[in-house]
Every structure is written in structure tokens, then in C-alpha cells.
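Reviewing the structure listed below.
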Amino acid sequence: MERIPYFDAHCDTLLGCIRGGSLRSGPAAVALDRTGAFSPFAQVFALFYNTDFVPPEQRPAETARYHDCYLRELQRCGDLAVHCTGRDSVLRAAEAGKAAALLSIEDAALIGCDPAALETAAAWGVQFINITWNHRNLLSGSCADTPEQGLTDRGRAFVREAERLGIRMDVSHLSERGFWDLAEMAERPIVASHSNSAALWPHRRNLTDDQFRAVAASGGVVGLNVYQDFLGEPGAGIPVFIAHLEHFLELGGEDAVGLGTDFDGCAPVCAGLEDVGAMPRLWEALRARGYSGELLRKLFFENWLRVLRP
Ligand SMILES: [Zn+2]
């Protein structure tokens with residue numbers, strides 16, 4: 001059977017690992033023993049927790065605990081997967097027949113919104129950092145609580161330092177004002193790791209057509225999310241997911257769309273795309289719609305590979 005290339009830019013599977021779950025197998029939507037249909041296979045794992053429940057002084061230790069959990073789980077799964085720090089190591093993992101695991105940080109507050117802490121994030125091999133999650137922080141407002149609040153001076157300093165280190169700014173969850181402040185100052189590609197089209201479903205977490213065009217113009221990528229709340233009416237299935245994809249393609253998004261499932265961070269998910277093992281259905285559905293192999297490889301793998309650190 002044909003092996004499918006696969007790159008998912010966002011999942012929250014580490015939330016389960018920190019409670020004792022395994023990356024190898026088990027109830028999580030992303031489990032390495034269900035990735036056999038894919039080669040190459042790359043998954044970005046978000047370091048994430050809700051900062052409402054962790055006071056600022058405890059966050060360095062808490063973030064390190066999640067990072068340790070990620071490394072420990074990968075060690076346990078060393079026969080199947082390897083931590084990757086960028087494009088070259090993803091390709092080496094593929095050659096070795098292993099899953100490529102990558103890191104992101106979902107909410108800069110996990111590292112104190114501190115530009116100086118980005119050196120550590122870079123040393124960990126972090127690819128993307130969400131400037132905010134659903135709470136405003138010292139860098140910017142969020143789409144959920146303060147859409148009109150843009151980047152602060154500290155936010156701008158954070159962006160400049162992240163860009164210097166090659167870490168991509170992730171605008172999923174960011175306020176609309178913060179988005180445009182970033183788009184104006186960014187000198188590197190900006191990404192939206194897990195967001196859909198607001199034109200099709202006007203949820204605050206989705207991107208307007210102008211926002212999508214700005215991400216694409218920066219050379220960045222938008223990862224499509226399987227969360228039903230971001231797709232449409234309850235019960236939304238694969239045809240709705242494809243409608244979001246095709247809307248972005250109509251905006252000229254061939255090089256700017258990918259997958260960002262949000263698996264293990266949202267429920268309910270798109271009917272028919274319940275876990276990583278179901279994702280070949282999407283490939284088959286798009287092939288049946290006449291998508292070329294070249295376009296499918298871009299959407300499923302190559303667009304995200306392009307924006308990684310070297
Ligand atoms: Zn998220």
C-alpha cells in the first residue's frame with residue numbers, strides 16, 4: 001500500500017503523558033502504534049498547560065516538567081520515534097524509518113513571556129511559539145479575551161528575538177490586533193498551527209481571509225484543525241473539513257495550508273477523523289476529488305517542512 005507523508009503541526013497529547021499516558025499506544029488520538037500508514041511521519045507536540053492554575057513563579061519548573069515528560073516518553077519510544085530540531089533531522093528520521101517528533105510552546109507565558117528565555121526554547125528545539133493562548137499576557141491580547149489589544153513593547157522585543165533564533169511566531173489564539181501588529185513587523189514566516197477559515201465558520205479562533213493571505217504572503221502556513229467548534233455545525237465531518245481546506249486553496253493557499261489537528265486538545269472532533277489512524281481517509285477523499293500527488297504532498301507534509309528551523 002502507498003505510504004502517506006504526514007505532518008501535523010499541533011497536538012496536545014503531552015497533556016495525557018503528564019498524567020501517565022504513553023505516546024506509543026493507548027487512548028490518545030495521537031499514538032505511534034497507529035501511524036503505520038505514514039512515511040514520512042512528523043508530529044509537533046505542544047508544551048501546554050493553563051496558566052490560570054500555575055502562578056508565574058512556578059511556571060519555569062512546570063514547563064521544565066512537561067519538557068522532561070516529552071523527552072522521557074520519546075526515550076521509551078526510541079525504537080519508533082526521535083526528537084527532531086528542524087528540517088534536516090526530520091528528513092534523517094524519515095530515512096531511518098522513524099517518526100519525527102518536534103516541539104512547540106502554546107503560550108509564551110509558559111516561559112515567562114521573557115525574550116531571554118527564548119535561548120532555552122531554541123536549545124530545546126522548539127519550532128513554534130504561540131504568542132498567547134486564550135488569556136492575554138505580557139506580550140499581547142488574545143482572540144478570546146482581548147481581541148482589540150495588540151502587541152506590547154515587550155511583545156515586539158519577543159518577536160524580534162524569536163525571529164533571530166529561527167523560532168516561528170504562531171498566531172493561533174492571538175488577538176486580531178496582535179495578529180496585524182505582528183504581520184506588520186515580521187521579517188520571517190508567521191504560522192497559525194491550528195486554525196480554520198472564519199469565512200466558512202466565524203469562530204474567534206478562525207482566520208479571516210485577509211489574515212490567511214497575510215500568513216501566506218509571509219511564507220508561512222496555516223494548519224487545519226479537526227475541532228468541530230471551529231469547523232461548523234455539530235456533527236461536521238470530512239466534507240466540512242475539506243470545505244475549509246478548499247476555501248484557503250481558492251485564496252491561493254497551495255503553499256500555505258497544512259494540517260494542525262489539535263488532537264488530544266479538543267472534543268468533539270471532525271466525524272471520520274477521530275484520531276491519527278483515521279487521517280488516511282482525508283488523503284483518500286482528496287485523491288478522489290482529483291488532487292494531484294504533488295498538491296497532496298504539499299498539504300500533508302512539505303509546506304510545514306519548509307517553515308521549520310534548518
Ligand atoms: Zn490551541
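Read the numbers this way: they start at 1 and go in the same order the structure lists the ligands and their atoms.
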### Task
Among the N/O/S atoms of E106, select the one at the shortest distance from the Zn ion (ligand 1) and name it.
OE2

### Query
Aromatic ring centroids of H194 and F230 under 6.0 Å?
no

### Query
Can R65 and D68 be counted as an ion pair, charged N to O under 4.0 angstrom?
no

### Query
Is H194 close enough to the Zn ion (ligand 1) to have an N, O or S atom under 2.8 Å?
yes

### Query
Would Y227 and D229 count as having a side-chain donor-acceptor pair, cut-off 3.5 Å?
yes

### Task
Check for a donor-acceptor pair, side chain of W133 on one end and backbone N or O of H173 on the other, with a separation under 3.5 Å.
no

### Message
Tell me whether the Zn ion (ligand 1) has H173 as a neighbour, meaning an N, O or S atom of it below 2.8 Å.
### Response
yes

